[in-house]
Amino acid sequence: MATDPGLPDVTLTIDGRQVTVPEGTLVINAAETAGIYIPRFCYHKRLDPAGACRMCLVEIEGIPKPQTSCTVPVKPGMVVHTDTEAVRQMRASILEFILMHHPLDCPVCDKGGECDLQDWTFTYGTRLQRHDFPRMHFRKAHRIGGHIVLDQERCIECYRCVRFLEEWGEGLRFAFHERGDRSVIETFGGLPMAETRFVGNTIDLCPVGALTSETFRFRGRPAELVNAESICPHCSVGCNIIASARPTLGFFCRVTPRPNMAVNDYWICDRGRFNYDWLDEDRLLAPGWGRGADRQDGTWDETLDRLAADLQPPCESGAALLVDSSVGCEDGFVAAKLLRAALSSNAIYQSDPAAGWPGLTGTITDVARCDLVLAVGLDLWTDLPILWLRIHRSRHLGRSRLVSVASADGVALERCDIGLRVAPGAELGLLRGLAELRGGSADASRADALAAQTGADREQLLRLVKRLRRASRVAALGGALAGFEGLAEGLAGVAGPGGVWGIVPTGANTVGLDWVGVAASRLPGGVPLGDAKARTALAGAWSAPVAAEEAPSSLAEALETGRARRVLVVGGDPIGAGNDPLAQALDRAEVLAYVGTNANATAERADYVLPMAAFSEVTRCVVSLERRIQHSSPCDRPRGESRAGWSILAALGRRLGVGFDYESWEDVRREIAACHESLGTLAELGPRAREGAMKP
Amino acid sequence: MAHPAETLWVYRNQETQNSHELPVYRASGGYQALERALNELAPAAVLEQVKASGLRGRGGAGFPTGLKWSFVPRETSEPRYLICNADESEPGTFKDRYLMERDPHLVLEGIALASYAIGAAAAFIYVRGELAEAARRLEEAIHQAEAAGYLGERMVGTQTSLKVTVYRGAGAYICGEETALLNSLEGRRGHPRLKPPFPATHGLYQCPTVVNNVETLANVPLIVQNGAEWFRSVGTAKSPGTKVFGVSGRVRHRGNYELAMGTPLSTLVYGCAGGMEDGYQIRAIQPGGSSVPFMTPDQIDCPLDFESVSEAGSLLGCGSVIVVDQTMSIVEACLILARFYHHESCGFCVPCREGTNWMLRILERLVAGQGTAADIDLLYEICGSMLNRCFCPLGDAAAMPVQSAIERFRPEWEHVVRHGVDSVKSNVGATLSGH
């Protein structure tokens, strides 16, 4: 259990060592502070203590019975023994009990090699098993949905999974059925779970092989995996993950969370965990050119030469760039430089409609500490699950309330304390009204007027106003659903001076890409394009002219007005993404070059296909919605002939006559840092910066 | 007819015709204590009186009732709850059932007084699922008492109100453990909760709660009516008052007897219960229900109070005396108990869940004549690995009788291993003398 840092210290003795810890610390954690790791199954730092497995029993002087160190808080002068003959006997007997009916199928169990039961049995168990009765049998290899495979026989009933589901917001998706030694984990009615959000975390929590991942099953032993500290590419929260692959066999293995209390705590969402099949399937493996039946593979040199010839300036039809908002800063920077310096165009765009906004004014932790979180036009539960989970945890602890405002029914109005539906387009009016009602006098008639104006339910609105007036810290988060006109001011108004607000990006690197210059009207460092001095400085640094001409505000406009006919797409799948006007506009491009990872609708339509290495195959950095700059390392080799995005774009740039002399990602970062003083943070960031750094 | 050795306090109406009807209860002085307390005494005064009486919990643990009540915070905005633990499921125990079926108003009056003392406006009676008649009688009695103004809004014309609700459990032994009861009452799985926090501060719905046994609460009206001194005039200094003892086994008159605390076990067995049936002899006795260590026939004069029984190496528990006779081997007796605890272990913690399973298998093997001497040692060791190491007392309850049986009847166990279980059993006729 987390303890308040403001609490007084308590000194006690554990195995003869003096330890000083904050009041309220559990003995099991105090021992860890003293370098003594007490064995455990049911206890987990981020779950409420259960005391179920009895593995952590210790002797405390003055207490006649052995005590579970996971449930007893320290007391001044307490004398604890964790390594007596009696304690060793207790541990051995607990292991003997647990192993009575355990199937001992370690050779075919996915947990083998990272199994707590294996580890503790080797450390504290006895060699022989005295239980000589037939083992009890339960259901094995039972697919319970959510990509989880349940083995009821291996379960040791530590309750970590069900405690997580209850304490961290998913709600019980499965539970213990039956009683005593017949107890088993089972889904309700034995039916597979549908639509899970965080259930995958129970796989990591499971100290044995009872809950395993369907997608990782039989794909490798922990010792065979190459692991890297990476950042999840699926949304703007920036969850810290461990990406694992087996490069020698050529496949990606799994994603597991990497604890970072500032970002994702100990968890990740199921989308981040299980959505990796695209790393192995339908990858673009070789460069090539030609549409449809004319497509032919070529060498990198041949393909890039042809493309360079097609793009060679000066040309009558301008060039445009569309960067997917999940692409790393290095790739985005080189792409934008290519456009400005080699193709003399500022038609540079991101896929995320929220691009250009600076992210949140505070951190995720700041949001979770607000006593009221207002989400407007955002579906946190679906789109930013871990942000929802962090807020929900505060709700669970009674410290926060979540209010969702949307103009359409659906999940956006569920999983919150107040779900307020308003008329389409009324979000902004509501925000302005709320800002007034929060600060001004409590006038019911004004709330009534606001309800009438926005189409909101009167009772719900009154509840919201009451909460808002009571709240000392408010977070106001806005999403693309609500439209952007005046949204930032509206959010700032409700959040007030002590609050947190922001338009929430959806891309893993929306904020970072904008920062390194992936924007039509901003140069690296966020400097306005109109700043001639900055352009001159940049031209000096790049030894190339920097385009000055203003570009249209959107890619669709640039294409439709004919100002851009040759388009470079980096990452994503804009044609297959369901944005029909953009897809149709892109279809009209004279030259469409696609730097991407997978064979998709955009690759199909493209005139040039340049296979790019995926996030798990390159070193990169991304900036999250809270403006946290995080470094991501590779665990895998690029598939086929694919290369890092920046390396492809640099090779193209060189062919267009501009200096792009990078040997490594470090060279790219150095050049980024040289563009603007604020970007220094990004270049200094290395793999050692576990917590990341905050964007200035 | 009551036995002369009995002191009939809570069982005073047991043999009265229609004792469950309100007028009959009132005729015996019923609800006078409640009327007096609500009109004349402050809640603190009721609490003090119960504290002074030295009443100890009759559910098994023997915790001082007044002290338990005093842990409930006096100044709190949270609702407070009183829960009557009527989940009487200990094998050999059938005392609360008679109280609820034959004198439900006494139980209700106790509930009302206890609720008044702790400031509870809602009380629940958690009745064991199988006790359908008791639940029905209680519901009828609540209806009558509410109509007569003893319960419900503005009780006996005062500002005090109490809503009493009968809740029927689903028949799990573990739900008699107070925190498992709370979980069950909240609609959760009947698993015990971590203590601390104790129910007195974080009980039902995390609000201050007192959980008392039926017999405990039935004593409260008598204490309020007659005073603490009167209560202390019977029983021992540390275990004052009476206790209902239920005797089962091959005694002549099986049943419940209310005796002063400290009455010798021999008075109960040979006096009240009329001794053993013809041809039967005592092999072992469990003085406090199925969960306590066995006593041997030579301990028959042990006084029945919490302290004396503890000194004799067993526990008074809920006062249910199970007499094992010579037609049953102690190993068979242990097997019966093991079956029960294996079936009723909730499975929450490892030692109880797995230990009860293992004990059962070994005992089955021993009774089937396939056991070895090593099995006895292993069984004894398993008991040791469960005792004091389980999450709640159920594990101890499963281990204690078997452990004591091995300690006190070791030669018999060894005989069973060598010659089979029948070799230690005597036929009824064979031991008759004087016929």
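Just so you know, these numbers use all the heavy atoms, side chains as well, and skip hydrogens, waters and symmetry mates. Just so we're on the same page: letters track the sequence lines, and every chain starts at 1.
- Interface summary for chain A: among H343(B), E381(B), R389(B), the most heavy-atom pairs under 4.5 angstrom belong to R389(B).
- When heavy atoms are compared at a cutoff of 4.5 Å, C390(B) approaches chain A solely by way of its backbone atoms N, CA, C and O.
- Both the backbone and the side chain of R130(A) have a heavy atom closer than 4.5 Å to some heavy atom of chain B.
- Looking at R408(B), its side chain does come within 3.5 Å of a backbone N or O of F294(B) through a donor-acceptor pair.
- Of the two parts of I362(B), the backbone and the side chain both hold a non-hydrogen atom closer than 4.5 Å to a non-hydrogen atom of chain A.
- For a residue to count as touching a neighbouring chain, one of its non-hydrogen atoms must lie under 4.5 Å from one of that chain's; by this rule L57(A) touches chain B with the side chain only.
- Residue contact with chain A, scored on non-hydrogen atoms closer than 4.5 Å, is absent for R193(B).
- In this model, a donor atom of one side chain and an acceptor atom of the other lie less than 3.5 Å apart for S291(B) and E90(B).
- Of the two parts of H342(B), the backbone and the side chain both hold a non-hydrogen atom closer than 4.5 Å to a non-hydrogen atom of chain A.
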### Task
Please lay out, stage by stage, how Y266(A) and H44(A) fare under the test ring pair (Phe, Tyr, Trp, His ring centres under 6.0 Å).
CA-CA 10 Å; Y266(A) 272 59; H44(A) 186 278; 5.4 Å; yes
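- Proximity to chain B (any heavy atom under 4.5 Å) is shown, for F176(A), by both the backbone and the side chain.
- Contacts of A374(B) with chain A are absent, with no heavy-atom separation under 4.5 Å from either backbone or side chain.
- With respect to D83(A) and R88(A), a salt bridge is recorded, a charged nitrogen being found less than 4.0 Å from a carboxylate O.
- Interface remark: M136(A) contributes side-chain atoms only to the contact with chain B (heavy atom separation under 4.5 Å).
- Ion pairing of E167(A) with R46(A) is absent here, as no side-chain N (NZ or NE/NH1/NH2) approaches a carboxylate O to less than 4.0 Å.
- Side chain of R160(A) to backbone of L47(A): no donor-acceptor contact under 3.5 angstrom is found.
- Side-chain N/O atoms of D181(A) and S345(B) include no donor and acceptor closer than 3.5 Å.
- When heavy atoms are compared at a cutoff of 4.5 Å, E344(B) approaches chain A by way of both its backbone and its side chain.
- In terms of modelled atom types and a separation under 3.5 Å, the side chain of Q67(A) and the main chain of V58(A) share no donor-acceptor contact.
- Heavy atoms of R189(B) lying under 4.5 Å from chain A belong exclusively to its side chain.
- Figure legend: cation-pi geometry between R91(A) and Y124(A), with NZ or CZ positioned under 6.0 Å from the six-membered ring centre and within 45° of its axis.
- Ranked by heavy-atom pairs shorter than 4.5 Å toward chain B, the options K65(A), M100(A), R182(A), H101(A) are led by M100(A).
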